[in-house]
Amino acid sequence: MRHLLLLVLVGFVAQLVDGSLGMGYGVLSSSFLLLTGLSPALTSASVHLAEIGTSLVVGSAHHRLGNTDWRLVARLGGPGAVGAFIGATALSHLSTSAATPITSSILLALGVYVLLRFTLRPPAGTTARRSGHGARFTAPLGLIAGLVDATGGGGWGPVATTTLLTAGKTAPRTVVGSVDTSQFIVSVAASLGFLLGLGHSGIPVTVVAALLVGGMAAAPLAAWLVSRLPGQVLGSAVGGLIILTNLAKVLSALGIGSTATLAVLAAVVPVWLLLVAVSVRRWRHERLLLDAAHRAGASRAAHPAPSPQPRAAEHPDVERVSPGRRAPLPETVA
């Protein structure tokens, strides 16, 4: 029972991060399930089956809040479904000993990318609510993101969301809402691939149900928080957490002992905390600049500059005098 409650909590936290940041549910949930000893194929299958429900709920919430560009959803979701089905089919036919290092390495690489991306160069903001990207850009992006997502147990958000935010053509809340909504199509395709490759007998139903309950509980709140949480700070924190939960698996696959693994983890934690502190400082600095700009705008609105007085030559009651000519003297009354 305690294990199931922990899975519910994992699903809740993962969906809270995913719905507000546009990434995190798959990589966080898969990282935890791999630590419990579940095989990579069953891990990814469980996560994607749970994501069918959570992505449906969070997608509906994003739509109600106006965070969704349906054209972008279609352009990402279609190719993403193809990539996810291919990745799920390939992972289903790999042995556990061969698949575990591959999956953990993918998740570790995604964690490093997310941590560095949101710490060193946070995505630039824009207010465009409609995506300016065409099919030539979104089709290969969706295909690669779907392939990574199914093979690694997560990756749809880290690949798709960060790429779209980096391009800077769409508002962050629209990117997050559209990527989360299109994940429903990707999750259905990946689940179909796993069911065809693994069958349904080996998939732990209780794990799927626990992740689904936690994720569905957090989905509406996550959609509301998308424009209120500091994304760059959250991204740095999540990236480091993904690194820590997968680094031990990768080091173990390389034959590194537990003592050396603990030493590496102990060295990584201070670096992670330092990068999170950098993100917090950058976010506070940006907030101070925005507050100063707002105060300056309010001050100009409250004390508008006086309008310039008309020049004498433009006044209708004053006779225009050409240069070099003396103005006529006023007539005297006899």
Side-chain angles (χ1 to χ4, degrees), residues 10 13-14 16-18 20-35 40 43-44 47 83 87 91 99-124 140-141 144-168 172 175-176 179 183 229-256 258 260-283:
V10 169
V13 174
L16 194 65
V17 171
D18 188 276
S20 56
L21 192 61
M23 66 187 76
Y25 186 88
V27 287
L28 286 174
S29 301
S30 296
S31 298
F32 178 80
L33 292 180
L34 287 175
L35 287 178
T43 292
S44 187
V47 170
L91 187 62
T100 299
I102 295 176
T103 303
S104 297
S105 299
I106 292 175
L107 293 173
L108 177 61
L110 291 173
V112 173
Y113 174 74
V114 171
L115 174 61
L116 296 180
R117 183 69 183 87
F118 280 87
T119 302
L120 303 180
R121 192 182 176 187
L141 174 62
I144 295 172
L147 183 63
V148 172
D149 184 71
T151 308
W156 177 250
V159 176
T161 301
T162 53
T163 302
L164 290 171
L165 289 176
T166 302
V175 170
V176 173
V179 171
Q183 192 167 24
L229 289 178
Q232 61 192 67
V233 177
L234 189 59
S236 300
V238 170
L241 185 61
I242 297 170
I243 292 173
L244 290 177
T245 51
N246 290 280
L247 184 57
K249 284 282 186 181
V250 174
L251 294 178
S252 176
L254 294 176
I256 299 177
S258 58
T261 299
L262 290 176
V264 173
L265 294 177
V268 169
V269 170
V271 178
W272 171 39
L273 297 178
L274 177 62
L275 293 177
V276 172
V278 171
S279 294
V280 172
R281 184 176 180 180
R282 185 195 300 270
W283 173 68

side-chain contact (heavy atoms from CB on, under 4.5 Å) partners of [X], counting only residues at least two apart:
| X | result |
| --- | --- |
| Ser104 | Leu34, Thr100, Asn246, Lys249, Val250 |
| Ser44 | His48, Leu91, Phe194 |
| Leu147 | Ile86, Thr151 |

(request) State which residues pass side-chain hydrogen bond (donor to acceptor under 3.5 Å, both in side chains) with Ser30; sequence neighbours excluded, sorted by chain then number. (result)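 Result, side-chain hydrogen bond (donor to acceptor under 3.5 Å, both in side chains) vs Ser30: none returned.
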Under 3.5 Å, side-chain donor or acceptor atoms of residues 262-271 against the rest of the protein: list the pairs with distances, not counting sequence neighbours.
none

(request) Could you pull out the closest heavy-atom pair between Thr119 and Leu275, with the gap in Å? (result)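 That closest heavy-atom pairing would be CG2-O, 3.4 Å.
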(request) Search all heavy atoms of Trp156 against all heavy atoms of Asp149 and return the closest pair with its distance. (result)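 In terms of heavy atoms, the two residues are closest at N-OD1, 3.1 Å.
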(message) Is it the case that the side chain of Trp272 and the backbone of Ser236 share a donor-acceptor pair, with hydrogens and angles ignored and the cut-off at 3.5 Å?
(response) yes
Approximate separation, where rounding is to 0.5 Å, of [X] [atom1] and [Y] [atom2]:
| X | Y | atom1 | atom2 | result |
| --- | --- | --- | --- | --- |
| Ile243 | Tyr113 | CD1 | OH | 13.5 Å |
| Leu244 | Leu108 | CG | CG | 9.5 Å |
| Leu247 | Ser252 | CG | OG | 11.0 Å |

(request) Check each of Ile102, Leu28, Val148, Val27 against Leu107 using the side chain to side chain contact (heavy atoms under 4.5 Å, CB included) test, and report the only one that passes. (result) Val27
(request) I would like to know whether Val159 and Leu110 meet side chain to side chain contact (heavy atoms under 4.5 Å, CB included); could you show each step before the answer? (result) CA-CA 8 Å; Val159 176; Leu110 291 173; 4.1 Å; yes
